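Remember, it's a predicted structure, so these values are computed and weren't measured experimentally.
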Amino acid sequence: MVSTDPHVLPVSTTATATTTQPPIVTAVVESQPPAVRAFVNGVTETVRGSLSRSRPWSELLDRSAFTKPKSLADAATPFRKNSSYFRVNYVCIVALILGFSLLAHPFSLVLLVCLAASWLFLYLFRPADRPLILFGRSFSEYETLGGLILSTIAVIFFTSVGSVLISALMIGIATVCVHGAFRAPDDLFLDEQDPAAAGFLSFIGVPTTSSAASSAPSPI
């Protein structure tokens with residue numbers, strides 16, 4: 001009797017393993033310590049809030065409002081008013097001059113960035129329960145602070161960083177002083193100077209009059 005069953009072809013029983021590859025991550029998520037994120041967020045919010053309170057640049061550069069003071073005493077009054085009114089703009093001018101000066105000296109810029117990174121990651125943002133270990137040696141808190149202070153003195157006074165910073169700051173301050181002395185403040189209204197000051201002072205944690213008044217308990 002002939003079997004009518006079809007020929008059973010051999011089937012490979014080797015299972016094909018399906019491996020799922022993780023998706024390509026395009027951004028680093030939650031990779032920074034909380035202190036670093038808080039610091040970056042604080043700086044970002046402070047700069048953004050302060051820039052939003054800056055005065056119009058067209059008002060700052062209004063050529064029709066420039067007058068020559070008769071003496072140094074006459075220049076002091078408009079300078080005080082202009083420094084209160086254009087506070088944020090003056091800080092931006094000094095920061096821009098400082099930034100362009102550092103970009104013109106790349107070696108000084110690299111040294112300054114390395115110095116700032118050393119202070120941030122080796123001292124300020126380093127957990128207190130983790131000692132600093134370099135080249136197989138553990139450094140205490142005071143040794144780390146002393147090394148950073150000596151490194152700062154060496155970078156500022158024995159390289160070109162100090163001269164670049166001082167010259168840029170002098171140019172920026174001189175520019176602000178000349179503008180404040182020659183800009184007539186007759187058309188300026190100084191009723192909003194307190195919020196502008198609070199924006200910068202909040203970054204360094206100094207309480208202002210407005211914040212102190214708001215935090216004081218109201219009398220019953």
Treat each ILVMFWY residue as a node, draw an edge where side-chain heavy atoms are under 4.5 Å apart, and state whether [X] and [Y] are in one component.
X	Y	answer
Phe66	Trp57	no
Leu150	Phe139	no
Ile153	Leu145	yes
Met170	Val94	no
Leu111	Leu120	yes

For Phe107, I'd like to know if atom CZ has over 12 heavy atoms of other residues, nucleotides or ligands within 6.0 Å.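 Incorrect, the count does not exceed 12.
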Should we count CG of Leu72 as having more than 12 external heavy atoms under 6.0 Å?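 At most 12 heavy atoms, drawn from other residues, nucleotides or ligands, come within 6.0 Å of this atom.
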Nearest heavy-atom neighbours spanning [X] and [Y]:
X	Y	result
Pro78	Arg183	CB-O, 3.7 Å
Phe79	Cys177	CE1-CA, 3.7 Å
Ser163	Ser167	O-OG, 2.8 Å
Ser54	Val88	CB-CG1, 3.7 Å
Gly180	Asn82	O-ND2, 2.8 Å
Arg55	Tyr85	NE-O, 2.9 Å

Taking [X] for the side chain and [Y] for the main chain, is one N or O donor matched with an acceptor at less than 3.5 Å?
X	Y	answer
Ser101	Ile97	no
Asn89	Leu60	no
Thr77	Asp74	no

To the nearest 0.5 Å, what is the distance between [atom1] ([X]) and [atom2] ([Y])?
X	Y	atom1	atom2	answer
Leu96	Thr175	CG	OG1	11.0 Å
Leu109	Leu103	CG	CG	6.0 Å
Tyr90	Ser84	OH	OG	10.0 Å
Leu98	Ile93	CG	CD1	13.5 Å
Thr152	Phe157	OG1	CZ	10.0 Å

Applying the side-chain contact (heavy atoms from CB on, under 4.5 Å) criterion to Ser108, which one of Val113, Leu165, Val164 satisfies it?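 Of all the options given, the one that passes is Val164.
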Parallel, tilted or perpendicular: which one describes the rings of Trp119 and Tyr123, with boundaries at 30° and 60°?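 Trp119 vs Tyr123 ring planes: perpendicular.
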